[in-house]
Amino acid sequence: MLELKFVRQNLDKVKDSLEKRFTEADLATFSKCDEERRSILLKIEDLRHRRNVVSDEIKELKKAGEDAEKLIGEMREVSSDIKGMDGSLSKLEETINDIIIGIPNIPHPSVPSGKTEDDNDLLKEVGDVPTFSFEPKAHWDIGEDLKIFNFEKASQITGARFPLYLGLGARLERALISFMLDIHTEEHGYTEVLPPYIVNRKSMTGTGQLPKFEEDLFKIEGWDYFLIPTAEVPVTNIHAGDILTEDELPINYTAFTPCFRSEAGSYGRDTRGLIRQHQFHKVELVKFTKAEESYDELEKLLSNAETILKRLGIAYRVVTLCGGDLGFSAAKTYDIEVWMPAQNVYREISSCSNFEDFQARRAGLRFKRKGQKGTELVHTLNGSGLAVGRTVAAILENFQQEDGTVLIPEALQPYMGGLKRIE
RNA sequence: GGAGGAGUGGCCGAGUGGCUUAAGGCGGCGGUCUUGAAAACCGUAGUGGGUCACACCACCGUGGGUUCAAAUCCUACCUCCUCCGCCA
């Protein structure tokens, strides 16, 4: 959420931002209600001040044993006036809040303009795209042939877009999770956390999934709880409402969790394989930093996520998302896209974002600077490190052999009990 | 699920209608002393809104209510703790 005062004083910037994102917000209503709110607030505060003063007088009169009925009668009216104005005030505030909570973050100046993913800026390409002497198969065919997953059974158990890993498939998924967590905790200095997989409405609002994107979430019937679409939500909310000290920052967390997404509006897209599922696993990286450090930390975050693909030896590229492709809460996002030989395309496998103080303001994430009065909002960042299912898909496609077997990347072999090949 | 108890500033903790615009302590910050530090002492300091700066307003888990006046009374809800029951 943007600061009320910022929106009031920077309407042009907000308009530019909305244009860059190809989205809209009712700024006219905002301005109108904001003005009204301030004039009413002024009157209310005035009346409250009067009430405070006169209440003191009443106290004194009563103590002196004198009659205070006249003043009490007067105050009775003042109080009822206040109550009436309070009602219209909260209505205005609700309207203002509804608008402001629906305004997306302001993109960082370095964010390229553009409307769709085709307009994203290519930042770099890393690793060699493999060449095959045969027609490479799609990962769902490889996996079904090796009997390491079975999508038909999964949809029999639940429905479309759910995974069922078997044998070495399940083992591969588990190996990758440990592999990723070990690198991030032992080499990159992240603290491992295991958060709840179900969160309340407040947490979802804190990180920006709500109120705008409720249709993308699975809601628990009979509860105001939701399945998490990413570990970002519970992990960022660990410090909701906290006032941290300067020397606690930066805080780096990594968490493995399942993720649940309704994928509303994506019917017919990526219907086969592990790319787009209602349930998938992800190792997430989350950072809390001081404002002046957040963009350096974003570069570190990106490089931490890249390390996983480098160790596995899979080719990828990094793009900077354009304004139109940028997520609601993000000020800047890098996507890591992994090479998928069967489809001959790069597919998103990680998204690394700086939210600046946008989530911090919603969730109340603050810190105190040494020797200074008052508190400051922290900056929050997160990125996938990496999406596990998509990594499995990438391994299967990139390391497939002509005989249908799949070589296991050397770095991963210790996590597979020394196994070198799935056959 | 049943029965009790509790939620107050960064932390601990006092406070049952107006001498509390939240006591006291710890921690923080500034200073005195010291070669330096510690200790001791003095001072300063909650969070947010508002103002050039003051003034002023709000905030004691959350929302309603009573009252001229609410941290304090009523009410609903949330969270935590203890005991009992059930359970991976």
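Lettering of chains follows the sequences in order, A, B, ..., and the numbering in each one begins at 1.
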| Residue matched to B/rC60 through Watson-Crick or wobble contacts both under 3.5 angstrom | none

| task | To the nearest Å, give me how far apart CZ (A/Phe367) and C1' (B/rG10) are. | result | 15 Å

| Contact class for A/Lys43 (heavy atom, under 4.0 Å): base, sugar-phosphate, or nothing? | nothing

Polar atoms only, N or O, under 3.5 Å: list the protein pairs with nucleotides 44-47 of chain B and their distances.
residue	atom	partner	partner atom	Å
B/rU47	OP1	A/Lys368	NZ	3.0

| query | Which value, in whole Å, describes the distance between the P atoms of nucleotides B/rA76 and B/rG24? | reply | 37 Å

| field | Shortest non-hydrogen contact between A/Leu326 and A/Arg21, atoms and distance | value | O-NH1, 3.3 Å

| query | If you take all heavy atoms of A/Ile177 and A/Val283, which pair is closest and at what distance? | reply | O-CG2, 4.3 Å

| request: Apply the test ring pair (Phe, Tyr, Trp, His ring centres under 6.0 Å) to residues A/Tyr295 and A/His379: give CA-CA distance (whole Å), side-chain angles for both, the deciding distance (0.1 Å), then the verdict. | output: CA-CA 10 Å; A/Tyr295 278 94; A/His379 278 197; 7.4 Å; no

| field | Distance test, side-chain N/O of A/Lys5 to OP1/OP2 of B/rG48, below 4.0 Å | value | no

| query | Less than 4.5 Å apart, any side-chain heavy atom of A/Tyr225 and any of A/Arg201? | reply | no

| Given side chains that start at C-beta, do those of A/Arg37 and A/Leu4 come closer than 4.5 Å, heavy atoms only? | yes

Would you give me the side-chain donor-acceptor pairs under 3.5 Å for residues 414-423 of chain A, sequence neighbours excluded?
residue	atom	partner	partner atom	Å
A/Tyr415	OH	A/Asp182	OD2	2.7
A/Arg421	NH1	A/Thr405	OG1	2.7

| Complement of B/rC33, any strand, by Watson-Crick or G-U distances under 3.5 angstrom | none

| field | Nearest-nucleotide comparison on RNA chain B, the residue closer to the 5′ end among A/Gly73 and A/Glu3 | value | A/Glu3

| In the structure shown, which nucleotide is the Watson-Crick or G-U wobble counterpart of B/rA71, with both distances under 3.5 Å? | none

| task | Name the pairing partner of B/rG28, where a pair is Watson-Crick or G-U wobble with both distances under 3.5 Å, or state none. | result | B/rU44

| Strictly under 6.0 Å, is that where the ring centroids of A/His278 and A/Phe260 end up? | no

| said: Quick one, A/Asn10 and A/Ile106 - any side-chain contact, counting heavy atoms below 4.5 Å? | reply: no

Protein N or O to nucleotides 56-58 of chain B N or O, pairs below 3.5 Å:
residue	atom	partner	partner atom	Å
B/rC57	OP1	A/Asn52	ND2	2.9

| Taking atom CG of A/Leu381 and atom OG1 of A/Thr333, what is their separation to the nearest 0.5 Å? | 10.0 Å

| task | Write down the partner of B/rU79 under the Watson-Crick or G-U wobble criteria, each distance required to be under 3.5 Å. | result | B/rA6

| message | Roughly how many Å apart are B/rC41 and B/rG46, using the C1' atom of each and rounding to a whole number? | response | 25 Å

| Under 4.0 Å: is that the gap between some side-chain N or O of A/Ser79 and OP1 or OP2 of B/rU67? | no

| field | Watson-Crick/G-U partner (both atom distances under 3.5 Å) of B/rC86 | value | none

| Atom CZ of A/Arg369 and atom P of B/rG10: how far apart are they, to the nearest Å? | 18 Å

| Euclidean distance for C1', B/rA71 against B/rC59 (whole angstrom) | 11 Å

| Considering Watson-Crick and G-U wobble pairs with both distances under 3.5 Å, what does B/rA53 pair with? | none

| request: Determine the interatomic distance between C1' on B/rG7 and the same-named atom on B/rG15; round to the nearest Å. | output: 15 Å

| said: With heavy-atom distances below 4.5 Å as the criterion, would you say the side chains of A/Lys287 and A/Tyr190 are in contact? | reply: yes

| message | Any base atoms under 4.0 Å from A/Lys70, or only sugar-phosphate, or nothing? Heavy atoms, all strands. | response | nothing

| B/rU62 and B/rA45, which share atom name C1', separated by this distance in whole Å | 29 Å

| Same-atom distance (C1') from B/rA38 to B/rC19, integer angstrom | 40 Å

| task | For B/rG61 and B/rA14, measure between their P atoms and round to the nearest Å. | result | 14 Å

| Is a side-chain donor or acceptor of A/Asn237 paired with a backbone partner of A/Ala363 at a separation under 3.5 angstrom? | no

| Distance, C1' atom - from B/rG1 to B/rC11, rounded to whole angstrom | 36 Å

| Spacing between A/Ile96 atom CD1 and B/rG49 atom C1', to the nearest angstrom | 14 Å

